[in-house]
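Report on the following structure.
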Amino acid sequence: MHIDFDYFYAQCEENLDHSIRGRPVVVCVYSGRTQESGVVSTCNYEARKYGVKAGIPIVRARKLLQETQGVFLPMNKPHYEEVSDRIMGILEANGDHFEKAGIDEAFLDLTSRTRGEFREAEQIAVEIRREVLEQEQITCSVGIAPNKLLAKMASDRNKPNGLTVVAPEHVSEFLGGLPVNEIPGVGRKTEEKLEQMEIRRIDQLAAIDVSILHQKFGISLGTYLHRAALGEDDNPVKERDQPTQFSRIATLKTNTHQASEILPLLRTLASAVSEKLAMKTMICRTISVIAILADLSIHTRSKTLESPTCDEKTITQASAELIEQLLQSMPSATVRRVGVKLSALSIRSGQTNISKFLPQ
DNA sequence: GTATGCTTTCGGC
DNA sequence: TTACGGCCGAAAGCATAC
C-alpha cells in the first residue's frame, strides 16, 4: 500500500487558518533576492484549476491568480514536519512493515496481516484514512497493489482523497492505457527519448524487446523500464535507517564569479549544515559544494576526508577551498545559488579518533 | 573483466 | 514568452585494484 498526503503543505496551511479554505492557496519558497523571487512549493486544488503547480516562479503564479482571492504563504517546514511525524506514527502502527518515502508519503506491507486478501487491505486503508482525518484533518490518497511500484502508481490515479485498488488480475488493464510518464522515474528526458521511438503508452513500452531498451537506455534503466511496463517490482517495503546526506543551499543577493562575494553565505551554510550534523550526533566523510549558475546549470565539487568529522571549522574550510577550486575550473561561471552538502555519514560513537590505539 | 569506491549529475517532491 | 527553491536519494560516470 502507498499512502500520499494530499497537497500536503497547503493542506497544513488550510488547517492553521480555516478562513483560507475554498480559496487558492499557494505555499512559496522565497529566495530573498527580490520581493517576489522564488518558486511555488505546492498549492491546493483551487489554485491548480488556474494552472498553478509546484516549481513555477511565484510571479507567474501571481499572474495566473490575479483575478482570484489567492493566498500566498511562505513555507513553514518545521510545522509540516511535526504533522508528518504524527501521521507517520499512525501509518506505522497499521502495517507489518513501514517505509517513509518522503515528508508526505509512505509504503506499508500488509501481506501477512491480510494474508494477501486485497479486500482486507482495502478495509485497513479505510481505517487509516479515517484515523488520519480525525486526528490531523489531513486527507490522503491511497493505492493498494501487489508491489510498491504499482501501489505508488495506483495512489496517483484518484487524487485527492482517493482509494485505488489494483488486484493482481487487473495489473495489465490498469497499466495499459497510461502514458509512460506515469512510471516513477520517467521524467522529461526519458519521455522524450521514448517519444522518438514512438512509444507513448505503457502497453506500447511493454511490447518492446528488452534488448532494445538495454541498447537505448543502458542495462539499469532499460531493465527497469521493461519490468515497470509489465508491473514487475520486487523491492521490499523496508524501514529507512539513518539519513545518508544533509545539505543547505541558498540564493545569492546578486550573481557573481567573485569568491569573496560568495564566501560569507557559504560559511553560513557550512555552519548551519554542521550544526544539523552535530544535532544528529553524526559525522561525515565527504564534503561537497554545489553551485547553480545564472543559466540554472548545476555544478558540484567534493572532497572525501581520511577520517570523518563533525568539526565546523574543518567543514567550513573545506567548503571554501572547494568553491575556489570550482570557480577556478570554470572561469566564466556566474553563480546564482550555492550550497554545502555532507555525505558518507555515520553515527558518532564515544571516541572521535583512533589515535589512542595506534603505537606511540 | 569484475568489484569497489569516489565524484558528479539526475530527478522526485 | 520570460520569470526560477531547498532539500533528498539514487544513478551515471570514472578511476583503481585485483
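Chain naming here is simple, since letters A, B, ... match the order of the sequence lines and numbering starts at 1 in each.
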### Query
Between Arg336(A) and dG5(C), does any side-chain N or O lie under 4.0 Å from OP1 or OP2?
yes

### Task
Kindly indicate whether the side chain of Val166(A), heavy atoms from C-beta on, has any atom under 4.5 Å from the side chain of Phe118(A).
no

### Query
Contact class for Gly38(A) vs. all strands (heavy atom < 4.0 Å): base, sugar-phosphate, or nothing?
sugar-phosphate

#### Entry: d(CE, Met75(A); P, dC8(C)) in whole Å
12 Å

### Query
Is there a path of hydrophobic side-chain contacts, each under 4.5 Å between heavy atoms of I, L, V, M, F, W or Y residues, that connects Met1(A) with Phe5(A)?
yes

#### Entry: Residues Asp109(A), Lys238(A): salt bridge by 4.0 Å N-O rule
no

Give me the distances for all protein-to-nucleotides 11-18 of chain C N/O pairs that come in under 3.5 Å?
from	atom 1	to	atom 2	distance (Å)
dA12(C)	OP2	Ser220(A)	OG	3.4

#### Entry: Length of the CZ-C1' vector between Arg33(A) and dA3(C), whole Å
12 Å

### Message
Test question: given the 4.5 Å side-chain rule for I, L, V, M, F, W and Y, name all other residues clustered with Leu73(A), or answer none.
### Response
Ile20(A), Val25(A), Val71(A)

#### Entry: Residues Lys100(A) and Glu239(A) bridged, charged N to O under 4.0 Å
no

### Query
How close or far is atom P of dC4(C) from atom CG of Leu64(A), stated in whole angstroms?
15 Å

### Message
Looking at Glu46(A) and Arg23(A), is there a salt bridge between them, counting it only when a charged N and a carboxylate O are closer than 4.0 Å?
### Response
no

### Message
Apply side-chain hydrogen bond (donor to acceptor under 3.5 Å, both in side chains) to residues Thr286(A) and Ser302(A) and explain how you reach the verdict.
### Response
CA-CA 7 Å; Thr286(A) 302; Ser302(A) 65; over 6 Å; no

### Message
Quick test of your reading of the model: are Lys313(A) and Asp311(A) salt-bridged, counting only N-O distances below 4.0 Å?
### Response
no

### Rounded distance (Å) that lies between atom P of dA3(C) and atom NZ of Lys53(A)
15 Å

### salt bridge (Lys or Arg N to Asp or Glu O under 4.0 Å) partners for Glu117(A), two or more places apart
none

### Query
Which residues in residues 249-279 of chain A have at least one heavy atom lying under 4.0 Å from any atom of DNA chain C?
Ile249(A), Ala250(A), Thr251(A)

### Message
Regarding Lys152(A) and Glu105(A), does a basic nitrogen lie under 4.0 Å from an acidic carboxylate oxygen?
### Response
yes

### Query
Base, sugar-phosphate, or nothing for Phe246(A), non-hydrogen atoms under 4.0 angstrom?
sugar-phosphate

### Query
Between residues 23-32 of chain A and DNA chain C, which residues have a heavy-atom gap below 4.0 Å?
Val29(A), Ser31(A)

### Task
Please state whether the phosphate of dA3(C), meaning OP1 or OP2, lies under 4.0 angstrom from any side-chain nitrogen or oxygen of Thr34(A).
no

### Message
Please give the remaining members of the hydrophobic cluster of Tyr45(A), linking ILVMFWY side chains under 4.5 Å, ordered by chain and number.
### Response
Tyr7(A)

### Message
Is Ser41(A) close enough to dG5(C) that one of its side-chain N or O atoms is under 4.0 Å from OP1 or OP2 there?
### Response
no

### Query
Listed by chain and number, what are the salt bridge (Lys or Arg N to Asp or Glu O under 4.0 Å) partners of Arg248(A), not counting sequence neighbours?
none

### Same-atom distance (P) from dG12(B) to dC4(C), integer angstrom
23 Å

### Query
Listed in order of residue number, which residues of residues 56-63 of chain A have a non-hydrogen atom at under 4.0 Å from DNA chain C?
Pro57(A), Val59(A), Arg60(A), Lys63(A)

### Task
Starting from C1' on dA10(C), measure out to CD on Gln245(A) and report it in whole angstrom.
9 Å

#### Entry: Listed partners of Arg113(A) passing salt bridge (Lys or Arg N to Asp or Glu O under 4.0 Å), at least two apart
Asp96(A)

### Task
Check the angle between the aromatic planes of Tyr80(A) and Tyr9(A) and answer parallel, tilted or perpendicular using the 30° and 60° thresholds.
parallel

### Query
To which residues is Leu296(A) joined in a hydrophobic cluster, defined by side-chain heavy-atom contacts under 4.5 Å among Ile, Leu, Val, Met, Phe, Trp and Tyr, whether direct or through other members?
Ile249(A), Ile290(A), Ile292(A), Ile298(A)

### Task
Check the distance between dC4(C)'s P and Gln35(A)'s CD and give it to me in whole angstrom.
14 Å

### Task
Output all residues satisfying salt bridge (Lys or Arg N to Asp or Glu O under 4.0 Å) with Asp295(A), sequence neighbours left out; order by chain, then residue number.
none

### Task
Establish, yes or no, whether the cationic atom of Lys341(A) lies under 6.0 Å from the six-membered ring centre of Phe246(A) and within 45° of the ring axis.
no

#### Entry: dG6(C) phosphate, OP1 or OP2, under 4.0 Å from Arg248(A) side-chain N/O
no

### Task
If a protein heavy atom is under 4.0 Å from the base, mark B; if only from the sugar-phosphate, S; if neither, -; do that for nucleotides 3-13 of chain B going 5' to 3'.
---SSSBSSSS

### Query
With a non-hydrogen cut-off below 4.0 angstrom, is Gly55(A) in contact with a base, only sugar-phosphate, or nothing?
base

